[in-house]
S.K.: 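What follows is a single structure, and I will ask about it in a moment.
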There are 2 protein chains.
Amino acid sequence: MDATRPQMTLADIARLAGVGSATASRALNNDKGVSAQTRQRVLNVAAQYSYVVSPEAVRLAKGKLGRVAVVAPHLSRWFFGEMVEGIETVFREAGIDVLLYFVGSLDDRRAFFEQLPARRKVDAVIVVGFPVEAAERERLELLNVNIVAAGGQHEVYPNVCIDDYRAGRQAMDHLLFLGHRRIGMIEAVDLDQPTEPSGRSSAYREALREAKIPLDPELVVSAPWGGEEGALAMDALLSLKTPPTAVYAHSDEVAVGAMRSIRRAGLRIPEDISIVGIDDHPVASLVDLTTIRQPVRSQGELAAQMVLTLLEGKTLPDREITVATQLMVRSTTAPPRRNPALISS
Amino acid sequence: MDATRPQMTLADIARLAGVGSATASRALNNDKGVSAQTRQRVLNVAAQYSYVVSPEAVRLAKGKLGRVAVVAPHLSRWFFGEMVEGIETVFREAGIDVLLYFVGSLDDRRAFFEQLPARRKVDAVIVVGFPVEAAERERLELLNVNIVAAGGQHEVYPNVCIDDYRAGRQAMDHLLFLGHRRIGMIEAVDLDQPTEPSGRSSAYREALREAKIPLDPELVVSAPWGGEEGALAMDALLSLKTPPTAVYAHSDEVAVGAMRSIRRAGLRIPEDISIVGIDDHPVASLVDLTTIRQPVRSQGELAAQMVLTLLEGKTLPDREITVATQLMVRSTTAPPRRNPALISS
DNA sequence: CGGTCGACCGGAAGCGCTTCCGTAAACCAT
DNA sequence: ATGGTTTACGGAAGCGCTTCCGGTCGACCG
């Protein structure tokens, strides 16, 4: 029962079962070349002494790790948590261990890329939600492992993500369709990460252009991801001589923050101002926020599956997978009021 | 530069540096018994060929793992993500790898406890946010590793958490202080996890008892964690002949869901109904929800630190650490209206 | 100046497993 | 019956590192 104290080794089991260590190994691993009877005997002995293999020894001997690293800049934000859940689920089934690397700050991030190559402990790495810089790429190369990106475009690595431009257009087109002409945008930026021009931003400009609405620079403000930041950004928009009648936020969290500002300013949603976000964060439905839904968990699953096929030595059918987004109309968007004088009862 | 292809081994480095493998090892590990000059030579060669050790071999040879498992039933929920961030941060600094196990469903969970002992790959495990059953405890024992719990009471393991009863009382006392007498409670339960009576619930009964308010069973409804579920539960409360004038929700997510129901019922918050949650989830401040704040990230950090001291062979100064909670009054709570006829403009 | 003592270093024995290779027995077809 | 396959199995060689156990050798002691 608790004969486990002095960890048994394969050799012990083999001796106890009266076979060679090679045979014991084969029996335990379900390899062929062992008679059913012998195998059973070994299995019994192993069970009896609750033998457990030493993963280190296995890995050393066979040279494969069976481990992948997941690198994410956040965990407490829904998008990332959901993504990691998807990834983990797939790897779990495949019997692969997930090593988690949370690189919140730029420093963490640098440290990670500095360290990782110094210890080849994974067969692959999945980078979640941020673009990889050139220098970092170099370090990654050194590792000589497979790399895939999830939830963020990277022309360099196989990846799965949404079409940011498309998502942005869905949001903008909805607003435009409702009749809005003065639309503000709250651009989300990540202070800790190198920014690259987002499709979500170009969608705004493009949509406006097509609708022949001149671009008013003061209508676009940018804020770090996050509710409080969104609120601040919205305050800026609200303080304009003529505030927008609708706001397109790059994320739901930002949108929810903005909603608070609007409410606090004594304005009503959507009567006075419409607002649309992106993500379909769980909170979106709770606050009845119109948004563009993106399937996050499945992006994670897909990314993990890519890694799996890569690990099998196969080549990817598609180097990039784009998952579809969908407009979820709820009650924060409506046609603009006739009278653009917003402040009124 | 890219001479890394055929991974170099310690032996290679040793040969190249003209020393024995033992010396090379000592040099690389900063052990003593190597002259500064020799050490430098080895280091140079290693750097030149960008040599990296094989962690498997190291672990096999020295018998320690330097890895801990973090087991959590969710990741996409803020509480858990935040917790894991805290844990990861501490371990990162300590040079310990974090193996993530996401056990969403009961099945996953069983599978985890079934599998884990079958492969001793960690030095310790941190269980996040759920009580461990007796059977699972047995499996864990088999592992013969250190265990600590974070964010959930476990008399059995060293743990860090908040005082649920206290938190509940803070919420209830606030409501009571405002003058509410008819207070509903939305109990959060986890379908996938074995439930144990929560301090958050007993706080409700106790507070009422002290305030000499008879307990009305129909005022307590229970719902799984999560906004949608909270909304449903609130609907039940709202359909009572005489609905409560205030509700105490076990979590902010539930509370936010409840707020939607209240709003949709045409009622105003806090004029018609007050509501208070627990957590101080980021969304709480965005929707101006009064709540009881708990420091989640630091709970994670503390738990990780406990593991660290355990790993050093020291004994814990405190087997349990309770972190303080704090009432955050925002604008979803106010004194009850005089007229209990709620439906009016 | 012989001897002792550290400091420095190399050889080699593991760590616990997988797997190659060789052997022996059992099986098949001719 | 006989040569040739298969099938089972054991021995042993690694996998890449740490560490014990000695050896050298110059320094320092009496």
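Every chain is numbered from 1, with letters handed out A, B, ... down the list of sequences.
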S.K.: How far does the helix from dC1(C)-dG30(D) to dT30(C)-dA1(D) bend, going by the axes of its first and last five pairs, to the nearest 10°?
M.R.: 30°

S.K.: Between Ala46(B) and Leu28(B), which heavy-atom pair has the shortest distance, and what is it?
M.R.: CB-CD1, 4.1 Å

S.K.: Please list, in numerical order, the residues of residues 25-35 of chain A that have a heavy atom closer than 4.0 Å to any atom of DNA chain C.
M.R.: Ser25(A), Arg26(A), Asn29(A)

S.K.: Between Thr9(A) and dC15(C), is there a contact of a side-chain N or O with OP1 or OP2 at under 4.0 Å?
M.R.: no

S.K.: Just jot down the ring pair (Phe, Tyr, Trp, His ring centres under 6.0 Å) partners of Phe91(B), sequence neighbours excluded, or say none.
M.R.: none

S.K.: Quick one: Tyr49(A) OH to dG16(C) C1', roughly how many Å, whole number?
M.R.: 19 Å

S.K.: What's the NZ-P distance between Lys62(A) and dC20(C), to the nearest Å?
M.R.: 12 Å

S.K.: Any idea which of dT18(D), dA12(C), dT18(C) is nearest the Ala61(A) side chain?
M.R.: dT18(C)

S.K.: For the residue pair Glu82(B) and Gln299(B), confirm or rule out a side-chain donor-acceptor distance under 3.5 Å.
M.R.: no

S.K.: Can you tell me how far P of dC9(C) sits from CD of Gln37(B), to the nearest Å?
M.R.: 8 Å

S.K.: dC17(D) C1' sits how many Å from Asp12(B) CG, rounded?
M.R.: 13 Å

S.K.: Within the 3.5 Å criterion, strictly below it, is a donor on Asp97(B) or Tyr101(A) matched to an acceptor on the partner's side chain?
M.R.: yes

S.K.: Begin with the C-alpha distance, continue with both residues' side-chain angles, and end with the deciding distance and a verdict on salt bridge (charged side-chain N to carboxylate O under 4.0 Å, His left out) for Arg77(A) and Glu85(B).
M.R.: CA-CA 10 Å; Arg77(A) 257 158 52 188; Glu85(B) 279 194 3; over 6 Å; no

S.K.: Looking only at heavy atoms, which two atoms of Val156(B) and Arg319(B) are closest? And how far apart?
M.R.: O-NH2, 2.9 Å

S.K.: When you get a sec, tell me which of dT18(C), dT18(D), dC15(C) is the closest nucleotide to the side chain of Val58(B)?
M.R.: dT18(D)

S.K.: Nearest whole Å is fine: how far is dC9(C) C1' from Arg15(B) CZ?
M.R.: 18 Å

S.K.: Are Thr23(A) and dG10(D) close enough that a side-chain N or O sits under 4.0 Å from OP1 or OP2?
M.R.: yes

S.K.: If I take atom CZ in residue Arg59(A) and atom P in nucleotide dC15(D), what distance separates them, rounded to the nearest angstrom?
M.R.: 19 Å

S.K.: Looking at every heavy atom in both Val296(B) and Phe79(B), which two are closest together, and how far apart are they?
M.R.: CG1-O, 3.3 Å

S.K.: Counting only side-chain heavy atoms from C-beta out, which of dA12(D), dT19(D), dC17(C) sits nearest to Ser21(A)?
M.R.: dA12(D)

S.K.: List, with names and distances, any nitrogen or oxygen atoms from the protein found under 3.5 Å away from nitrogen or oxygen atoms belonging to nucleotides 4-6 of chain C.
M.R.:
none

S.K.: List the atom of Glu88(B), the atom of Phe102(A), and the distance in Å for their closest heavy-atom pair.
M.R.: OE2-N, 3.1 Å

S.K.: Between dG10(C), dG16(D), dT19(C), which nucleotide has the shortest distance from any of its atoms to the side chain of Ala22(A)?
M.R.: dT19(C)

S.K.: Pairs in or reaching into residues 21-48 of chain B: which pass salt bridge (charged side-chain N to carboxylate O under 4.0 Å, His left out), with residues at least two apart or in two chains?
M.R.: none

S.K.: Between atom CD in Glu56(A) and atom C1' in dC15(C), what is the gap in whole Å?
M.R.: 11 Å

S.K.: From the set dT19(D), dG14(C), dG16(C), return the single nucleotide nearest to any side-chain atom of Ala57(A).
M.R.: dG16(C)

S.K.: Provide the closest heavy-atom pair for Val132(A) versus Arg137(A) in the form atom of the first, atom of the second, distance.
M.R.: O-NH1, 2.9 Å

S.K.: Roughly, in whole Å, what's the span from CG in Leu10(A) to P in dA12(D)?
M.R.: 17 Å

S.K.: For residues 303-318 of chain B, which side-chain N or O atoms pair as donor and acceptor with protein atoms under 3.5 Å away, sequence neighbours left out?
M.R.:
residue, atom, partner, partner atom, Å
Thr309(B), OG1, Met306(B), O, 3.2
Glu312(B), OE1, Lys314(B), NZ, 2.9

S.K.: Can you name the nearest heavy-atom pair linking Val71(A) to Phe130(A), along with the distance?
M.R.: O-CE2, 3.8 Å

